[in-house]
Amino acid sequence: MTTYYVSTSGNDSNSGTSTSSPWRNIQRAANIVSAGDIVYVRGGTYYEQVRISRSGSSTGYITFQPYTGESVTIDVNSKVPKWEGGVYITNCGYIQFIGFNVVNSYWCGIWVHTCNNVIIKGCTVHAIQRSGLYAQNSSYITYDGNNVYNTQIAGFGSGNDQQNENVNMINVSNFEIKNNYIHDTDNFESIDVKQGGGNGTIHHNTVVANMSAGIYIDSQGQSMSYIDTYNNYVTGGGYGVRGIAYAVEVSGSLQHCKIYNNILNKTGAAGIVASTSYSVGTISDIVVVNNTVYNCGLDTDWGGGIRIEYGSATGIIVRNNISYNNSGSGGNLMPNGNTTQDHNLIGTNPNFVNPSTADFHLQSNSPAINAGSSTQFVPGFDYDNKTRPQGSAYDIGALEYVTAGCPTLSISLSVQ
Ligand SMILES: [Ca+2]
């Protein structure tokens with residue numbers, strides 16, 4: 001295990017192993033690192049693409065991060081070929097890339113391909129022509145606590161080149177997308193998980209969508225399963241902005257997924273679409289439980305609160321949800337013929353504390369309090385990570401009401 005240093009005042013012929021003898025380029029470190037090594041990058045702006053393809057190990061991740069308390073920007077303007085990223089991580093594993101600013105990429109921001117066990121954490125990614133975070137054909141990939149904005153600038157009109165979205169997992173198994181803030185994107189879905197993969201979670205993200213879905217899971221001709229979306233906040237009023245949508249656009253299958261403890265507020269289209277109308281494959285066993293959907297669906301085409309559009313979707317369970325004050329063609333709840341629905345509060349004022357400021361806690365007189373089901377798929381914690389149930393029974397909606405003066409037990413989930 002070796003600690004290396006990189007500085008804008010360094011030289012690549014230095015030893016790189018002390019703060020007094022740093023290298024000049026991050027790439028110099030990437031070319032030599034081995035399992036357990038740490039690369040500290042001193043503050044400043046580095047005008048380089050960083051290509052990482054050396055592997056750590058299960059007991060020794062390779063870590064790249066700014067030197068303590070310093071801010072590092074990787075500005076890759078004009079240095080990124082098509083289908084690469086400003087940070088380009090390929091054919092390797094056990095990498096942690098933490099706390100960098102990545103800006104001005106002609107293609108993607110951070111690109112991960114054919115990798116395993118890669119953690120992208122605490123990075124700020126913006127001014128990017130295509131995807132901010134992109135991973136494909138990989139496993140055990142984590143995006144944690146990143147700030148992604150001003151991505152997909154290229155937008156429409158570039159042929160097939162414009163495909164993909166702002167934060168992607170494409171054919172990735174065992175992934176985690178958590179604690180990210182995705183906002184002010186230019187085009188397309190904010191978080192998009194597609195074309196295979198599974199065993200993933202999307203949780204505790206804040207998404208302000210600008211176009212199309214905030215969180216989109218689409219098997220696109222492949223098989224996908226066990227993808228859970230929970231404790232996210234999604235808002236955004238543009239055309240086609242569904243809060244959370246699960247789809248099978250081009251055959252394939254999407255099965256065994258749960259959507260719970262999410263808050264969907266003022267989305268342009270429906271808050272939750274558990275199976276989209278243009279699906280043509282198998283969608284089954286999608287559970288929509290304990291979400292709060294409010295003031296969504298101004299888009300008359302895809303409007304509404306919770307929509308189950310696809311008639312062939314089976315095993316849909318809609319339980320313990322609040323869906324209120326939503327508009328558009330779906331109303332507050334549009335089930336299909338295979339939907340099991342119980343213990344929802346649909347179209348009845350739930351008496352939120354202050355929905356105009358996005359405070360969806362319940363007032364003491366809310367009809368949602370202690371009115372929920374305790375049966376299958378009901379989560380053991382709420383949007384605030386408080387233990388469920390509080391009081392005598394489970395509540396309806398994303399937030400469990402806490403009686404004043406009663407101690408509460410919190411589950412400690414790390415949120416960067
Ligand atoms: Ca309760």
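Treat the numbers as computed from the prediction; the structure is a model and nothing was measured.
Ring planes of Tyr134 and Trp111: parallel class, angle under 30° (limits at 30 and 60°).
Side chains of Thr45 and Asp75: a donor-acceptor N/O pair is absent below 3.5 angstrom, by distance only. Remark: the Glu84 side chain and the His113 side chain contain no N/O donor-acceptor pair separated by less than 3.5 Å. Thr73 and Asn101 share a donor-acceptor pair across their side chains, judged by distance under 3.5 Å alone. Checking Asn168 against Ser131 by side-chain atom types alone, a donor-acceptor pair falls below 3.5 Å. Judged purely by distance below 3.5 Å, without hydrogens or angles, the side chains of Asn265 and Tyr233 pair a donor atom with an acceptor atom. Side-chain atoms of Thr151 and Arg130 include no donor-acceptor pair closer than 3.5 Å. For Gln220 and Gln195, the side-chain atoms include at least one donor-acceptor pair closer than 3.5 Å. At a cut-off of 3.5 Å, with distance as the only test, a side-chain donor of Asn261 or Arg388 sits close to an acceptor on the other residue. No side-chain donor from either of Asp359 and Asn354 sits under 3.5 Å from a side-chain acceptor of the other.
Of the listed residues (Val118, Asn180, Asn179), just one forms a side-chain contact (heavy atoms from CB on, under 4.5 Å) with Tyr143, and that residue is Asn180. Between Lys194 and the options Glu189, Glu249, Glu165, a side chain to side chain donor-acceptor pair (under 3.5 Å) holds for only Glu165. Evaluated for a side-chain contact (heavy atoms from CB on, under 4.5 Å) with Ile286, the options Ile217, Ile316, Thr314 yield exactly one hit, Ile316. When Thr229, Asp218, Thr276 are each tested for a side chain to side chain donor-acceptor pair (under 3.5 Å) with Tyr246, only one passes: Thr229.
Geometrically, Arg42 does not engage Tyr5 in a cation-pi contact, judged by NZ or CZ lying under 6.0 Å from the ring centre and within 45° of the ring axis.
Using a 4.5 Å heavy-atom cutoff, the side chains of Trp107 and Pro81 are not in contact. For the pair Ile52/Phe64, a side-chain contact is recorded, criterion being any heavy-atom separation below 4.5 Å from C-beta on. Between Asn295 and Pro355 the shortest side-chain heavy-atom distance does not fall below 4.5 Å. By the 4.5 Å heavy-atom criterion applied to side chains, Tyr230 and His204 are counted as neighbours.
In summary, the aromatic rings of Phe352 and Tyr294 are positioned with their centroids under 6.0 Å apart.
A pairwise comparison of heavy atoms in Ile396 and Leu362 identifies O-CD1, 4.2 Å as the closest pair. In plain terms, the two heavy atoms of Arg319 and Asn344 that are nearest each other are C-OD1, 3.3 Å. Across every non-hydrogen atom of Gly397 and Thr292, the tightest pair is CA-OG1, 3.5 Å. The minimum heavy-atom distance between Thr185 and Ser190, with the atom names listed, is OG1-OG, 4.3 Å. The two residues Pro367 and Asn351 make their nearest non-hydrogen contact at CD-ND2, 4.0 Å. Nearest heavy atoms, Val241 versus Thr267: O-CB, 3.3 Å.
With rounding to the nearest 0.5 Å, the separation of CD1 in Ile110 from OG in Ser105 is 10.0 Å. To the nearest 0.5 Å, atoms OH (Tyr149) and NE2 (His183) are separated by 6.5 Å.
Residues passing the salt bridge (charged side-chain N to carboxylate O under 4.0 Å, His left out) test with Arg24, sequence neighbours excluded: none. For the salt bridge (charged side-chain N to carboxylate O under 4.0 Å, His left out) test, no residue two or more places apart in sequence or in another chain qualifies with Glu48.
Ion pairing between Asp228 and Lys258 holds under the 4.0 Å rule for side-chain N and carboxylate O.
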